[in-house]
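These numbers were taken from a predicted model, which means no experiment stands behind them.
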Amino acid sequence: MLDPERIRRMRARAQALAEGVREDSVEAVLRRALAIQAQDATAADLGIRVRGRGIGARDVRAAYENERSVVRTWLMRGTLHTVAAEDVRRLLRLLAPRLLDGTSRRYRELGLDEGLRERADRLVRDALTTHGPLTRQELTDRLGTLGVPPEGQAAFHLIRHAALTGIVCHGPERAGEATYALLDDWVPVQPEDAGEESESDLAELALRYLKSHGPVDAEDFATWSGLPITWARKAWKALAWSGAITDDGAPTGSVDPAEDSVAMSSEAPDVRMLPAYDGYLVGYRSRESAVPAAYEHRVRPGGGLIRPTITVDGLAVATWTRLAGGRTIEVSAFEPLSAVVEAGIEAERSKVVGFLRPAV
C-alpha cells in the first residue's frame, strides 16, 4: 500500500512537476501531461512552462501557431484544454457526443434547435473556409444573419457546438485576441482519425491518464474526464486484465524501489509555481495528497476558483498572485518556509516574470 507522500511524489513526477523532471518542448509536455486545462489562456501557457525546461512564451505560441503541434478546444468535462494535435480527434470522438447530449437542455433554453445548430455549423465552416481564422465577435456577427442575437450566450454555444462537432478549434492570436480556425486546416486529418467512438478510444484514454497522473483509480479517471463512472470502471477492469496497472493504482513498471528511495531522500527541494486551475490540482477526485487539509481553502477559496499555487516536491506550500501586469508576483506562504525553499521560489518567480514579460 502506497503512503500519501509516495502517492504525491509519484503523481508530481508523472506530471513533470517534481524530482527535476522537465520536458524539452511544448509538444513533449503535452504528450507527457496529456492535457493542460486552458479556460484561462495565460494559465495554460504557464502550465506548459512549469513542466518544461527553458520553454518561453514564444515557444508556446510557436507550438500553437507555427508548428501546430498542440491544439486548444473543449474536451474533458466540457472545459477548454490544450492537447497534443495528434490526440485531439480521438478525444473529440470519445468525449464530444456526451458533451453535446449534456448541453441539450441549455440549447433548448437558448432556442437553439437542431436545425439552427446545423445551419450555424455550415455558416461557421463556410466563413472560416472563405476568410480564414475569425474572432468570436466576427463569428457572432455572421451568426446574426441566422437570427442569433449578438448578446447573451447563444452565439458562444453555437461556436462551441462547431468545436465539439470537429469543425473548429482555437486558431492564432490576432492583436492579442483569440480566433477560431477550421480544425481540418489546423490539424490535417490522418487515416487513424476516421471512424466512430470505440472501446479502444476509452481504453487508450484510460491508459494515457494512468501514465500521466498515476497512481489513480476509476473514480479519479471519471472526475478528470467527465465520463460516467460505469465507463471508468469498465476501463479500469480492462487495465487490470491487461496487467497495465498495479494493485496500488500505478502504471505497471513505474515504481523502481531503489530509484524511489533515492528520490525521496533528496535534499534539494523541487519548487514549482503552478498556475490557476492546474491539472495537478484538478485532475483527481480530491487534492488531499497535494494540499494539506488545513490550507485547502487557500487553494480553493470558492466559486470554482483554483488559485495559482507553489509546490515543493508536489506538496502545496503557498499561493501566488500576479501584480502590475505580471511585473511582480506576491507569494502567500501557508507556513514559514526554509531558506532553500525561499531561494527556489525566488528563482521560479524570476522565470515566471520573464515568461510573462519576455525581453524584446
Side-chain angles (χ1 to χ4, degrees), residues 35-45 60-61 64-66 68 70-83 85 88-89 91-189 193 226 276-277 303-305:
I36 299 291
Q37 195 153 317
Q39 72 267 46
D40 180 323
T42 299
D45 292 355
V60 176
R61 196 52 40 204
Y64 277 118
E65 299 181 9
N66 300 334
R68 301 184 184 180
V70 299
V71 177
R72 184 177 176 225
T73 194
W74 287 272
L75 293 166
M76 283 64 71
R77 308 180 307 284
T79 302
L80 280 168
H81 281 79
T82 294
V83 298
V88 67
R89 284 192 172 82
L91 289 168
L92 282 171
R93 192 165 57 214
L94 178 64
L95 301 171
R98 293 197 60 83
L99 293 173
L100 290 167
D101 287 345
T103 316
S104 58
R105 179 178 177 180
R106 186 58 177 150
Y107 291 149
R108 290 194 299 271
E109 291 173 346
L110 294 170
L112 307 177
D113 61 34
E114 183 177 359
L116 178 54
R117 297 197 301 272
E118 290 177 353
R119 293 194 299 276
D121 282 348
R122 289 194 296 271
L123 183 149
V124 168
R125 185 190 295 276
D126 291 345
L128 296 178
T129 299
T130 302
H131 301 286
L134 296 172
T135 65
R136 175 174 170 177
Q137 185 58 57
E138 289 167 339
L139 286 176
T140 296
D141 292 342
R142 286 164 172 78
L143 288 168
T145 64
L146 300 179
V148 178
E151 66 280 351
Q153 290 292 304
F156 162 78
H157 275 284
L158 290 172
I159 295 170
R160 182 175 179 268
H161 183 274
L164 291 173
T165 52
I167 296 171
V168 308
C169 63
H170 274 68
E173 286 189 359
R174 187 199 303 159
E177 186 175 2
T179 68
Y180 296 92
L182 288 175
L183 179 61
D184 287 352
D185 285 350
W186 215 241
V187 184
V189 179
D193 295 325
Y277 308 107
L305 176 65

Please test Leu92 against Leu183 for side-chain contact (heavy atoms from CB on, under 4.5 Å), starting from the C-alpha separation and ending with a verdict. CA-CA 11 Å; Leu92 282 171; Leu183 179 61; 3.9 Å; yes
As a quick check of understanding, evaluate side-chain contact (heavy atoms from CB on, under 4.5 Å) for Tyr64 and Val71, giving each step before the final call. CA-CA 6 Å; Tyr64 277 118; Val71 177; over 6 Å; no
Just do the side-chain contact (heavy atoms from CB on, under 4.5 Å) check on Arg61 and Asp45 with the steps written out, would you? CA-CA 9 Å; Arg61 196 52 40 204; Asp45 292 355; 3.2 Å; yes
Working note: Val168 + Trp186, criterion side-chain contact (heavy atoms from CB on, under 4.5 Å); need CA distance, chi angles, decisive distance, verdict. CA-CA 9 Å; Val168 308; Trp186 215 241; over 6 Å; no
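Between Ala35 and Val83, the shortest heavy-atom distance links the atoms CB-CG1, 3.8 Å. Residues Ala155 and Thr140 approach most closely at CB-OG1, 3.6 Å, considering heavy atoms. Across all their heavy atoms, Leu134 and Arg174 have their closest contact at CA-NH2, 3.8 Å. Taking every heavy atom of both residues into account, Leu112 and Ala154 meet most closely at CD1-O, 3.8 Å. When all heavy atoms of Ala127 and Arg142 are compared, the closest pair comes out as CB-CD, 3.7 Å. Across all non-hydrogen atoms, the minimal contact from Ala276 to Ala43 is O-CB, 3.6 Å.
Thr165 contributes a side-chain N or O that, together with a main-chain N or O of Ala162, makes up a donor-acceptor pair within less than 3.5 Å. Under a 3.5 Å cut-off, the side chain of Gln37 and the backbone N or O of Thr79 do not form any donor-acceptor pair.
Rounded to the nearest 0.5 angstrom, Thr179 OG1 and Arg136 CZ are separated by 14.0 Å. To the nearest 0.5 Å, atoms CG (Leu100) and CG (Leu164) are separated by 5.0 Å. With values rounded to the nearest 0.5 angstrom, Thr135 atom OG1 is found 12.5 Å from Glu173 atom CD. To the nearest 0.5 Å, atom OH of residue Tyr107 and atom CG of residue Asp101 are 9.5 Å apart. Atom CG of Leu182 is separated from atom CD1 of Ile167 by 8.5 Å, given to the nearest 0.5 angstrom. The line from NE2 of His157 to CG of Leu143 is 13.0 Å long, rounded to the nearest 0.5 Å.
The shortest side-chain heavy-atom distance between Val124 and Leu158 does not fall under the 4.5 Å cut-off. With a 4.5 Å cut-off on side-chain heavy atoms, Arg72 and Leu80 count as touching. Taking 4.5 Å as the limit, every side-chain heavy atom of Glu138 sits out of range of all side-chain heavy atoms of Glu177. Counting heavy atoms from C-beta outward, His81 and Leu91 have side chains that stay 4.5 Å or more apart.
Ring geometry, His170 versus Trp74: the interplanar angle falls from 30° to 60°, so the pair is classed tilted.
Contacts classified as side chain to side chain donor-acceptor pair (under 3.5 Å) and involving residues 113-129 (residues at least two apart or in different chains) are given here: Asp121-His161.
Salt-bridge annotation for Glu109 and Arg106: present, with a side-chain N of the basic residue lying under 4.0 Å from a carboxylate O of the acidic one.
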